[in-house]
Amino acid sequence: MVDDRYSPEISDAIVSFDPETLQRAPVVKSDVLRQFSDYRNRTAVRVVERIPERDGVLDPAAVDRLLVTSHCEMQRMSEEFQHGRRVGELLRPVIKALHEGGVANPIRIVDIGCGTGFIVRWLAANAYFDDDVEVIGVDFNKALIDEARRLASLEKLNCTFLVANAFRLDHPAAIYLSTGILHHFRGQGLGELLRRHDRKETHAFVHFDFHSSPMAPFGSWLFHAGRMHEPLTKDDGILSAVGAHKSRYLLQAERTAAPDFVSAIYGTRLWRLPIPRVFHSLVGIRPAYHPAFVRNMGNRIASLGKIE
Amino acid sequence: MTILLLWLLATVDSTFIGYRDAAGRNALIDKRAYFRRAMLRGAVAGQIAVAIVGLAAVGMLATTPQPVRLFAAFEHAATRMLIVYVPYALILTITFFIRAIPSVDIRSITSVLVFGPFTLIRPVVVLAGAIWGLLAAPTPRVGLLLGLIVSLMLGMEYVLDRLRARGFLV
């Protein structure tokens with residue numbers, strides 16, 4: 001996951017989980033500070049300096065509080081960019097294609113790295129899908145999942161959130177979904193992530209991430225500087241745009257890692273104009289369902305812009 | 001009329017300060033009640049700010065040997081301030097109407113092109129309006145009153161943020 005050209009995001013560096021056992025690993029504060037100092041990321045250094053430590057290790061409770069707060073702030077971006085509706089509008093043709101292809105109900109969608117579960121809760125709150133679709137939020141971080149459950153309970157939303165590895169669930173996903181995850185994986189790590197989709201139960205995946213464009217870092221700065229309260233959220237938001245993968249790179253990585261899917265990038269431009277969108281999405285679907293998916297998308301493909 | 005328009009702009013501005021202060025601090029999906037409370041709080045804070053400015057203006061008028069001339073200077077400065085503030089407010093108002101169109105793309109564009117940049121340049125607009133007003137009536141008392149207005153407009157968000165940090169706001 002490490003690429004020396006890009007500073008890690010603070011939220012990645014201050015927490016560590018073993019992907020096999022999901023056990024939390026201690027994070028040595030001085031190591032994180034040195035890492036950000038090497039990248040000359042002063043904001044990150046200041047944020048990490050303020051996190052309490054115990055015997056040189058970042059206090060997990062303080063880190064969790066910070067992550068919950070920053071996820072709450074990051075939700076604002078999803079809300080302003082109508083991300084719930086955006087996800088729903090792209091998932092519907094996928095689900096319909098799977099239904100038409102005879103995939104058994106319920107169609108299980110797993111939101112990888114769901115954080116505090118905005119997408120899962122938004123889809124539930126807006127009753128976006130019928131009962132034949134099951135959306136589950138999954139994350140390594142128990143504090144974020146606890147917060148997702150708390151929020152869902154406050155609004156009496158029927159949602160499922162699990163502390164788990166999304167690719168090791170007892171009942172695997174028919175569709176994998178994520179938002180803002182792909183740019184955290186680089187090089188071989190990205191290939192490994194995409195390779196994990198290639199299992200017989202999985203019929204499609206939809207991954208939203210920041211769209212890399214020359215304007216993206218400035219646009220992201222503009223958005224975060226004016227709106228975000230937490231320095232962590234501001235810094236990570238800008239780094240996300242800087243480190244976003246280019247559409248063609250993502251597509252190539254996917255085709256190498258999971259060649260049994262028909263894949264394309266959607267959301268590359270706005271209204272057939274050469275204007276980049278904030279988010280693009282990597283969509284992969286089994287060949288058997290692809291014609292139905294394209295048919296169900298209809299005119300939206302042209303307005304989204306597609307690279308295939 | 002000028003004073004009424006400035007009061008209206010101050011109320012709308014402070015209402016949105018309440019919104020901005022509350023935004024990003026509540027992760028529920030349905031936040032309508034939460035934002036209503038936050039905007040009301042901002043509007044009330046705005047009335048307090050207007051009252052402070054009003055009292056300061058009355059105090060200055062009461063202590064000057066030439067109250068009519070000072071009042072005219074205030075009014076002249078206020079009219080010039082509106083030249084800067086009204087277009088800013090109009091663009092935002094029109095954008096709100098555009099945002100009402102139920103399109104993911106249109107709503108996103110309003111965020112990218114208007115709400116983001118306009119939130120960021122707000123301090124500059126506040127200062128520009130005050131300076132433009134002061135240039136119309138460059139006297140110490142007008143300068144003092146405009147300085148107070150700018151401090152209140154730019155400081156309100158900070159005060160709300162501090163109150164929230166101390167647990168006074170939910």
Side-chain angles (χ1 to χ4, degrees), chain A residues 68-90 115-126 144 147-148 150-152 154-157 159 215 219-230 233 267 270-271 275-279 303-304, chain B residues 13 16-35 38 88 92 95-96 98-126 154 156-167 169-170:
Chain A
V68 167
T69 306
S70 64
H71 272 77
C72 180
E73 272 209 317
M74 281 190 276
Q75 182 174 314
R76 185 175 180 188
M77 185 166 192
S78 297
E79 288 164 351
E80 283 210 36
F81 289 115
Q82 310 275 299
H83 193 56
R85 190 174 300 280
R86 195 183 297 271
V87 170
E89 285 180 359
L90 196 48
T116 51
F118 169 73
I119 292 297
V120 180
R121 289 183 293 115
W122 190 93
L123 293 171
N126 290 281
L144 297 179
E147 178 67 0
R150 185 187 75 85
L151 292 164
L154 281 173
E155 294 190 285
K156 298 182 173 55
L157 301 175
C159 300
M215 282 298 289
S220 184
W221 173 82
L222 202 62
F223 184 90
H224 288 85
R227 290 172 172 80
M228 301 300 172
H229 306 286
E230 283 288 333
T233 322
L270 191 66
W271 298 328
I275 303 171
R277 287 171 182 270
V278 176
F279 292 107
S303 89
L304 278 170
Chain B
D13 187 50
F16 284 108
I17 287 174
Y19 171 85
R20 282 202 303 276
D21 171 65
R25 302 187 200 262
N26 182 321
L28 293 176
I29 301 297
D30 184 355
K31 289 192 272 284
R32 283 172 294 186
Y34 170 75
F35 278 130
Y88 177 84
L92 287 173
T95 310
F96 271 109
I98 294 171
R99 198 176 167 82
I101 299 170
S103 154
V104 167
D105 289 333
I106 288 172
R107 289 180 175 178
S108 299
I109 285 172
T110 59
S111 274
V112 172
L113 295 182
V114 183
F115 292 125
F118 272 60
T119 302
L120 213 58
I121 65 164
R122 179 181 167 273
V124 178
V125 174
V126 168
L154 297 183
M156 191 183 294
E157 205 158 345
Y158 176 78
V159 171
L160 288 177
D161 187 61
R162 291 294 84 202
L163 287 172
R164 185 178 293 278
R166 290 172 188 219
L169 306 179
V170 182

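Residue numbers start from 1 in every chain, and the chains themselves are labelled A, B, ... in the order their sequence lines are given, proteins ahead of strands.
Heavy atoms of B:Arg122 lying under 4.5 Å from chain A are absent altogether. The parts of B:Phe115 that come within reach of chain A are both its backbone and its side chain, each placing non-hydrogen atoms under 4.5 angstrom from that chain. For A:Glu147, no part lies near chain B; criterion is any non-hydrogen pair under 4.5 Å. For A:Leu151, the parts lying under 4.5 angstrom from a heavy atom of chain B are both the backbone and the side chain. Proximity to chain B (any heavy atom under 4.5 Å) is shown, for A:Ala225, by both the backbone and the side chain. Contact annotation for B:Ser108: both backbone and side-chain heavy atoms come within less than 4.5 Å of a heavy atom of chain A. Neither the backbone nor the side chain of B:Leu113 comes within contact range of chain A; no heavy atom of the residue lies under 4.5 Å from a heavy atom of that chain. At a 4.5 Å heavy-atom cutoff, the contact between A:Arg121 and chain B is made by backbone and side-chain atoms alike.
Closest non-hydrogen pair, B:Ile29 versus A:Gln75, comes out as CD1-NE2, 4.5 Å. Of all non-hydrogen atoms in B:Ala27 and A:Cys72, the two that sit nearest each other are N-SG, 3.6 Å.
Rounding to the nearest 0.5 Å gives a distance of 13.0 Å between CG of B:Leu120 and NE2 of A:His224. Taken to the nearest 0.5 Å, the CG atom of B:Asn26 stands 12.5 Å off from the CZ atom of A:Arg76. Of the inter-residue distances, the one linking B:Arg107 atom CZ with A:Arg86 atom CZ reads 12.0 Å to the nearest 0.5 angstrom. Rounded to the nearest 0.5 Å, atoms CD1 (B:Ile109) and CZ (A:Phe81) are 10.5 Å apart.
Here B:Val104 is the residue among B:Val104, B:Asp30, B:Thr110, B:Val112 with the most heavy-atom pairs under 4.5 Å with chain A. For the options A:Glu80, A:Glu155, A:Met77, heavy-atom pairs under 4.5 Å to chain B are most numerous at A:Glu155.
For CZ of B:Phe35, the number of neighbouring non-hydrogen atoms (other residues, nucleotides, ligands) closer than 6.0 Å is greater than 12.
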